[in-house]
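Written out below as structure tokens is the structure these notes cover.
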2 protein chains.
Amino acid sequence: MAGEKAEAGTESGADTNFQKMFASGDFNAANCPIRDVLDQLGDKWSTLLIMLLGGKPHRFGELRRQIPDISQRMLTQTLRDLQRDGLVHREVFPTVPPSVEYSLTPLGASLIGPLSGLIDWAAAHHGAIREAREVYASEAA
Amino acid sequence: MAGEKAEAGTESGADTNFQKMFASGDFNAANCPIRDVLDQLGDKWSTLLIMLLGGKPHRFGELRRQIPDISQRMLTQTLRDLQRDGLVHREVFPTVPPSVEYSLTPLGASLIGPLSGLIDWAAAHHGAIREAREVYASEAA
DNA sequence: CTGGATCCGACCAGATACTG
DNA sequence: CAGTATCTGGTCGGATCCAG
């Protein structure tokens, strides 16, 4: 299969290197770097924390107050995962009582741009999505 | 549902409008449109399917072959969710045997851009992330 | 104040079998 | 070919108690 059917997409034009990578045959979701990264970002709290830390560094309790509906367990765990991936920096100040500050690493900061693009899209179209959901629900009935 | 309609502040800066929205107090993750949308996109297969359909429409079995490690159940379910959100169009051809074609709606196509931004980031930095993970693992030991 | 550890329910997701 | 239905295990995530 050597056919170049790129022109079929007409105006899409944004699939770019994804289609190329996918067509390269060596995909199969196992060695897929996208999934590897998106899996973490796709969880319930990661993106929210990243955007929050993108504004300014936060302390633990500060984050907990900013996100009322996160449990302490999930906050700890998500922060540790992000730290593990090199997106978040954790700094402990040996004060009494102890305080810990979380901030984005340069790698984490570089994610803000692309992530904002997606968030902007979500904000812009979530009305249409909710509408589509209601239409679908009423059709199903 | 008390007062939908989030202004979303058009689109200008990157992190700016998120911080603005967050600071506006009208956030709290309950009425957060971001979470509403990202929740669906963040699941295991949505983004993959969207990018795939962004290339060209696919039939059901075609998608299943393209993604070997998706179960038939998850494929059906994810497609239905995307259709419900108005991102994917489902067209049935009453042939024998029956065939169904899935394609992106204009709304779904508009997502390709922002999503590609994130995917490009993932592809570009996933090496750094894997490296960070190994460092973290060795430090933990 | 910042977490670790544990228990436990809820939901996600795969395997399998069956239908039109 | 394109699904639906059911059973089941694994993981996510909240609540609570405890420690430094």
Side-chain angles (χ1 to χ4, degrees), chain A residues 28-30 32 35-49 52-53 57-85 88-103 136 139-141, chain B residues 28-30 32 35-36 38-49 52-53 57-85 88-103 136-137 139-141:
Chain A
N28 276 345
C32 176
R35 294 278 308 282
D36 196 24
V37 177
L38 256 49
D39 244 33
Q40 173 59 33
L41 265 62
D43 80 352
K44 204 176 182 183
W45 307 107
S46 287
T47 63
L48 182 53
L49 282 177
L52 220 48
L53 294 177
H58 285 72
R59 291 182 48 188
F60 189 84
E62 205 174 352
L63 288 170
R64 202 154 58 157
R65 280 187 298 276
Q66 289 281 322
I67 315 173
D69 60 339
I70 192 176
S71 66
Q72 172 269 344
R73 172 188 161 83
M74 280 301 102
L75 182 53
T76 300
Q77 183 173 307
T78 306
L79 283 170
R80 197 184 327 112
D81 286 345
L82 291 174
Q83 184 194 357
R84 181 186 59 117
D85 285 6
V88 159
H89 173 67
R90 177 178 186 269
E91 185 161 10
V92 182
F93 297 97
T95 59
V96 189
S99 71
V100 181
E101 188 180 82
Y102 293 91
S103 56
Y136 185 90
E139 281 176 356
Chain B
N28 273 346
C32 175
R35 295 276 308 281
D36 196 26
L38 256 50
D39 243 33
Q40 174 59 33
L41 265 60
D43 81 353
K44 204 175 181 184
W45 306 107
S46 287
T47 62
L48 182 52
L49 282 177
L52 220 48
L53 294 176
H58 285 73
R59 291 180 49 187
F60 188 87
E62 205 173 352
L63 288 170
R64 200 155 60 157
R65 280 187 298 276
Q66 289 281 322
I67 315 173
D69 60 337
I70 193 176
S71 67
Q72 168 271 352
R73 172 187 161 84
M74 279 302 101
L75 181 54
T76 299
Q77 183 172 307
T78 307
L79 284 170
R80 197 180 332 111
D81 287 344
L82 292 174
Q83 185 194 355
R84 181 186 59 116
D85 286 5
V88 160
H89 173 68
R90 177 178 185 267
E91 185 160 12
V92 183
F93 297 96
T95 60
V96 190
S99 71
V100 181
E101 189 180 80
Y102 293 91
S103 56
Y136 186 90
E139 282 177 353

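Chain A is the first sequence line, chain B the second, and so forth, proteins listed ahead of strands; every chain is numbered from 1. Note: hydrogens, waters and symmetry copies are ignored here, and every other heavy atom, side chains too, is used.
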Separation of [N] [atom2] from [X] [atom1] (nearest whole Å):
X: A/Leu63; N: C/dG3; atom1: CG; atom2: C1'; answer: 13 Å
X: A/Ile70; N: D/dG13; atom1: CD1; atom2: P; answer: 9 Å
X: B/Leu75; N: C/dA13; atom1: CG; atom2: C1'; answer: 13 Å
X: A/Ile67; N: D/dG14; atom1: CD1; atom2: P; answer: 11 Å
X: A/Leu79; N: D/dG13; atom1: CG; atom2: C1'; answer: 15 Å
X: A/Asp69; N: D/dA15; atom1: CG; atom2: P; answer: 10 Å
X: A/Asp39; N: C/dA13; atom1: CG; atom2: C1'; answer: 13 Å
X: A/Gln83; N: C/dG3; atom1: CD; atom2: C1'; answer: 13 Å

(message) Using heavy-atom distances to pick each residue's nearest nucleotide on DNA chain D, tell me which of B/Arg64 and B/Arg73 is more 5'.
(response) B/Arg64
(message) Between A/Asp43 and B/Phe60, which residue's closest nucleotide on DNA chain D lies nearer the 5′ terminus?
(response) B/Phe60
(request) Report the residue (B/Lys44 or A/Glu62) whose heavy-atom-nearest nucleotide on DNA chain C is the more 5′ of the two. (result) A/Glu62
Any side-chain heavy-atom pair of [X] and [Y] under 4.5 Å:
X: B/Leu49; Y: B/Leu75; result: yes
X: A/Phe60; Y: A/Leu79; result: yes
X: B/Ile67; Y: B/Leu52; result: yes
X: A/Trp45; Y: A/Asp69; result: yes

(message) Under the criterion side-chain contact (heavy atoms from CB on, under 4.5 Å), I'd like the reasoning laid out for B/Ile70 against B/Leu63: C-alpha separation, chi angles, the key distance, then a yes or no.
(response) CA-CA 9 Å; B/Ile70 193 176; B/Leu63 288 170; over 6 Å; no
(request) Check each residue of residues 90-99 of chain B for a non-hydrogen atom within less than 4.0 Å of any atom in DNA chain D, then write out the ones that pass by number, or none. (result) B/Arg90, B/Pro97, B/Pro98, B/Ser99
(request) Select base, sugar-phosphate, or nothing to describe what A/Arg80 touches, counting heavy atoms under 4.0 Å on all strands. (result) sugar-phosphate
(message) Once you apply a heavy-atom cut-off of 4.0 Å, does A/Gln72 come out as touching a base, just sugar-phosphate, or nothing?
(response) base
(request) Please test A/Arg35 against B/Thr47 for side-chain contact (heavy atoms from CB on, under 4.5 Å), starting from the C-alpha separation and ending with a verdict. (result) CA-CA 9 Å; A/Arg35 294 278 308 282; B/Thr47 62; 5.7 Å; no
(request) Measure from the side-chain heavy atoms of B/Tyr102 and tell me the nearest of D/dG14, D/dG3, C/dG14. (result) D/dG3
(request) Just compare D/dG3, C/dG14, C/dC1 and give me whichever is closest to any side-chain atom of B/Met74. (result) C/dG14
(request) For residues A/Pro98 and A/Arg59, report the shortest heavy-atom separation together with the two atoms involved. (result) O-NH2, 4.2 Å
